[in-house]
Structures are given as C-alpha cells and as structure tokens.
**Student:** 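What follows is a single structure, and I will ask about it in a moment.
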Amino acid sequence: MSLPFQPQEGPVDLYALRHSVSHVMADAVLRLFPGAKVAIGPPIEHGFYYDFELPRALTEEDLPRIEEEMRSVLDEAGEFRCIALERNEARKKIAASGQTYKLALLEDIPEGEKITFYDHGTWTDLCEGPHVPSAKVIPRDAFKLLSVAGAYWRGNSDNTMLQRIYGTAWWSKKDLKQYLDYLEEVEARDHRRLGRELDLFSLHSEFGAGLVFWHPKLGYVRRKLEEWWWQLHLERGYWPVYTPHVAGDQVYHTSGHLQNYADMIWSPMDVDGRPHRVKPMNCPGHIAIFNSRRHSFRDLPIRFAELGTVYRFEPSGTLHGMLRVRGFTQDDAHLFCRPDQLEDEIAGVIDLVDIILRTFGYRYTAYLATRPEKYLGADAVWEHAQQALRAAAERRGLELAVDEGGGVFYGPKIDFKIEDALGREWQGPTVQVDFNLPERFDLKYNDSGNELKRPVMVHRVVLGSFERFVGGLIEHFAAWWPVWLHATPVVVLPIAQEQVPAAKRLSQQLGAAGFHSPVEADGPLRKRIRDAEIQKVPYMAVLGGREVEQGVVNLRTHGVAEQRTLKPEELASYLAHKRDSKALDY
RNA sequence: GCUGCAGUAGCUCAGCCGGUAGAGCACCUCCUUGGUAAGGAGGAGGUCACGGGUUCAAGUCCCGUCUGCAGCUCCA
C-alpha cells in the first residue's frame, strides 16, 4: 500500500522515527500502567504499534491520555543511545525489570548475534534499532495514536492475546494531516458505508453471515460486467459451462479438498443417506465435463468458463462486507492443454488480464510464484511450466517479480496485484498450473502417436470473485461508476411544471438510446440537484423555459464547473460515446 | 476461530445512579413551481438484536446466543 502523497524527508527515515515514537509510547504506557508488560513494538507501513499486557482492557478513550503522557516523555527524554550487552548481562537486566516477554525475545536472538538495547534517557528497551539520534528531533505535533486491538503474542492464535496500540508518526504536522485526511477518504469510500448509503447491497443475518444481497443498482453493475466478461471470453475461445452447486462427498475426496481443507467446506447435508456438500470450488465440475469423453490431442486446448458460485466457510471473525464472504461467484475458467500449448494459453490469459484491469484504470504488478519446498510432480514438469509462465510473460512484455518458493504444492502460478485509486493494493488475477488434479482425476487424451497422455490443467480467475472485485470497485470509484456501469447515469430535471412534458420526451429519447434517466420534478431545483449529487448521478439534464424554447438541454456534469448546452441527440450520442468507450471520466 | 468493543425508528445518534422511549435525515400527506448541493406545515414509524435471570419495576444490571466493528490468525 502506498499513499497518494510523498511525505517530507527527515534526519533519518520514517521507519526509524516511527520505531522511536513506539518506544516513547511504551515508556508512556508504562508510566500510566506501572505493572504493564511490553512485547514488541515495530514500525509498520504508515506508523507503528506496540503490544502490551495490561491490567485492564484499553479503550479509544485512553488514547488521548497516553498521547499526553508521550509529550511528557518527550520533554524529559534525550538521545537514543545504543547499548550492546553480553547475553548474561542482558538476561539479568531484563529479569530485573520483570519483562517476561522481553526475556523470551532475548532467547530468540541467535547465538553470536549482537544484543542491543536502546535508551532514550527515561526508558530502555531491548531493540535492534535503528532510531532517531535524539528524542528531541521527534516532532511533537506529527504523531497520533489511532486504535487499540487484540493481537496474539508471536502472532500465534494459541498464545495469549495482548493489547496492541496502533499509531502513526510523520516528520511534519502537514504530513500527519494529509495522512489523517487520507484515512478519512478511505472511510468515506468504505464499500460497506457506500453500500448502505447508496442502496447497493445488504447482508441479512436471518439468511446467514457472509452472504451478499445485490440490490438493483449494484445488480446492474454486475450484469454489465458479466455481459462484457462473456463477450471477452467467447471471443477468445472459452466455452460456457454450468455445473451443479451440490456434489457428493466422494468428489472432494478425490480432489483432496476434504482431506486438506475440511474446515473451509460447509457442513454436509444428507441426501439419500450420502453426505453431499455445497461446492467450494468449480474445478471438479469442469473436470467431470472434460472426463465425460475421451479427447484427442486435436481437441486441445479446451477452455471451460463459468461464473461459478461457490461457498467457503470462512471463520466468522474474518467476514468483511463484500470483500470477505462465505458465498461468492468466481469468474472461473479451466484450461486443459498439451504441454506444448501451455505458453500460448498463459499468454492469452495475460492479455485478457491486461484488457480487463486497464478498463478500470487499475495499475498492476505480477509475481511468478515458483516451486515450494513441498511439492507434487516431477522436477522436469515444474521446470517446463515455470519456463512457460516466464516465456509467456516475456512475449507479452509483462515484467515478473519472482516470489521464490511461493508456488502452491500442486504447481507454479502468476499472481497479479492491483493498485487502486487510493494507492492500496488488492489481490488480483491469478493463473495457476495444476499437476495435482489431473493425476487425482486421471485426466488424459490420445496424442498423435495414440498414446494416452496427461493434459496440463490451468486454473485462472481475472476478477477473482464478483463480490470482492465489485466491493473493491465501489471503493476504487467511490461509487462514481463510469457510464457503462451506471444504472442511472443521468437524471432529467425540469425547472418548473411547464417543462415536465419536455422532460418526459427527453427521458424517453435517452431511454431509447439505452440510458435510464428518471424525471425528477418534485421540489425546488436546488434540492433535486443536491439529491442527485448525493446519489452520485454524474449527469443532470436541466430543462427550463429557455431550453425548451430553443430545443436544447442544459447539462450539469459531476466534477465539471461549467455547464454545457446541447441538443438532446447530442447528449445521447455524448453519453453513448462515454459508454461505448468505457470512459473512466464523465 | 481468538481478544476487545458494540447492537435503541430505514439511516446517524441521544436516553444520568433502573421508574415501561426522543432528535435530525429519509418516508407519507398537504401547501410551495422553485435557474444549478437542503422551501414550509403536518403525519406515520420502535417486542430498545434474541433468549433467560435479578428486581415491585430492566433500553439501562447479570448470563447465554446471534450479528456487526477494530485487530490477530486465515483467505478468492
């Protein structure tokens, strides 16, 4: 995640500053809670945190008091001095302070490595640094404590839960302000908030946690995306398939999912005395279709595509609006090909990914995840597949960062990370070669020498899931949908009652051109304009006496200061141009 | 799943040390016909998440469940 602004430079880098501020915070917390124990307190991407064991649970209300105490610490603190100690001395020093977590951290430091403490005059902490030279360089008005939350000791859910205080720190008050503004913008774009305010989607506990209801406006977005998606896929030789939502357990035993991911799969239901499952993935269904007849090498590649709705039992605490749910629709496809076709197939996917992501104005980066420690399949097969992924990327001019050993046990893959309008990174498309399922389901084809061969199987999603992708789009666009996705890109506003007939004619004309354009005639114009703006309608066609007389429309455009006057047919073709070019602006 | 916090009208929220509910916006009706981000008046709307408990009395206190939120762990 990167911010859309460049922070000011300081005497040392921001990480050192934040690390130092986290020490100051720990110092302050220990003053307020003398018995407190401290764990770790590193700098992070936009700030820092420190984990504590405290006599009581902190609330947000405690933060201002701790901040105040931090300023007292800054008044008294001086240079950050680094003190190297021999292990036994270090142990004694920590034992004397009663900081048991620190003692454990000390034991983690490998033999032979330097053991250092940092002392800022009022407090000493076991720490490898680096820090600012002196507490005096820490700006008193450029840090802020943001939140408290639980965090496991050593990140392990079997361990005790500590209390984590998050804060942020910058070299200038201006940067802090910009960062806080940024956080505000993030909150204003939160898809859960916009989803409620703009009537986009809802969740209903009676139906179940993590199950999304798409309301009409968002249903429209999805429908348009689906139409476009199918068009792109049909043009590229993918065939639509549809597979059932329920399958006998045997399927997932064969696939291995039931053995390895049982807690991700929804509980079984009894059907004629046999356990069945709601599908957690689409691959077995596509494989069943592939396996329903013997294939010739001439048939390959075969590309099956499905907007397949799957259900996965995500832990309750991880559910999050549309972004993390228990039922979602993947834009799934499986490619069955010969080894010599793999490179072409991957290249095709890379093309498609580029077309789709660019359409939304997403920037992206790609990572090749190579063979992990534990893996299935022959080394030569892995080598071939990785080479095919590399070569395909090169052919398409796609730069690949390498995530060494990051592949799944069943094959290498390319993962795409996308960056949204706020500079945040999202998990994006993925293309995975799979050596596992073809074995498990015994896929084969007859090659030119009439020998039975194992096809290569590729899983790929571009959007990922409609839920997560569209949830992300809401935040990326701040729900200001481009015209091609907008359910109601324009409203018609007659100034007075006399213009209502003309407004209705205009609405019909726009409707005939494919644009839903309600006439809003009730109440003062200012009010109707405000309402449309709040509903994030980008275009308002205003009709007053003057316009009707001249047969024109006054067009108010979101984000554009000047109004325009144009003929109805000009408006229709203008909107059509924005729609058909999938323009990102209005 | 874990820790902490929360759940009062469609939304945002108020409701003190227990005494059986309130505002703004939205909605409905009427008036208003308004030239580019809030015209006026009236009205309707709540099993205070759900289930127990304490109490003469529970939105308020206690326990449990569900859901949400912030993280952690995990993930498309």
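Everything numeric in this text was worked out from a predicted model, so none of it was measured. Heavy atoms only: backbone and side chains are in, while hydrogens, waters and symmetry mates are out. So you know, we letter chains A, B, ... as the sequences are listed, proteins then strands, and number each from 1.
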**Student:** Think A:K527 has a side-chain N or O under 4.0 angstrom from the OP1 or OP2 of B:rG40?
**Tutor:**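 No, no such contact exists.
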
**Student:** Evaluate the ring planes of A:F360 and A:F477, with Trp represented by its six-membered ring, and classify them as parallel (under 30°), tilted (30 to 60°) or perpendicular (over 60°).
**Tutor:**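 Tilted.
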
**Student:** For the C1' atoms, the ones on B:rA37 and on B:rA70, what distance do you get once it is rounded to whole angstrom?
**Tutor:**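 The answer is 34 Å between these two C1' atoms.
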
**Student:** I want to check one thing: is the phosphate of B:rA37, taken as OP1 and OP2, less than 4.0 Å away from some side-chain N or O of A:R556?
**Tutor:**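 It does, given that an N or O in the side chain of A:R556 lies less than 4.0 Å from OP1 or OP2 of B:rA37.
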
**Student:** Given the C1' atoms of B:rG40 and B:rG22, what is the spacing between them in whole Å?
**Tutor:**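 Between the two C1' atoms, the distance is 23 Å.
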
**Student:** With respect to the side chain of A:A496, which nucleotide from B:rA70, B:rU33, B:rG39 is positioned closest?
**Tutor:**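 It is B:rU33.
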
**Student:** Provide the closest heavy-atom pair for A:P429 versus A:I418 in the form atom of the first, atom of the second, distance.
**Tutor:**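 Minimum heavy-atom contact is CD-CG2, 4.2 Å.
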
**Student:** Looking at A:P43, is its backbone amide N or carbonyl O close enough to the side chain of A:R18 to form a donor-acceptor pair, meaning the two atoms are under 3.5 Å apart?
**Tutor:**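 Not a single qualifying donor-acceptor pair exists.
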
**Student:** Is any side-chain nitrogen or oxygen of A:R530 closer than 4.0 Å to OP1 or OP2 of B:rG39?
**Tutor:**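 Checking B:rG39 against A:R530, no side-chain N or O comes under 4.0 Å of OP1 or OP2.
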
**Student:** Using a strict cut-off of less than 4.0 Å between a Lys/Arg side-chain nitrogen and an Asp/Glu carboxylate oxygen, indicate whether A:R222 and A:E467 qualify as a salt bridge.
**Tutor:**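 Salt bridge present between A:R222 and A:E467.
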
**Student:** Reckon A:Y152 has a side-chain N or O less than 4.0 Å from the OP1 or OP2 of B:rC74?
**Tutor:**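 Answer no for this pair, as no side-chain N or O of A:Y152 is under 4.0 Å from OP1 or OP2.
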
**Student:** Measure from the side chain of A:T318, starting at C-beta and using heavy atoms only, and say which of B:rU73, B:rA37, B:rG39 lies closest.
**Tutor:**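 Looking only at heavy atoms from C-beta outward on A:T318, the closest nucleotide is B:rU73.
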
**Student:** Respond yes when some side-chain nitrogen or oxygen of A:R528 is under 4.0 Å from OP1 or OP2 of B:rU36, and no when none is.
**Tutor:**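 Looking at the OP1 and OP2 atoms of B:rU36, neither is under 4.0 Å from any side-chain N or O of A:R528.
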
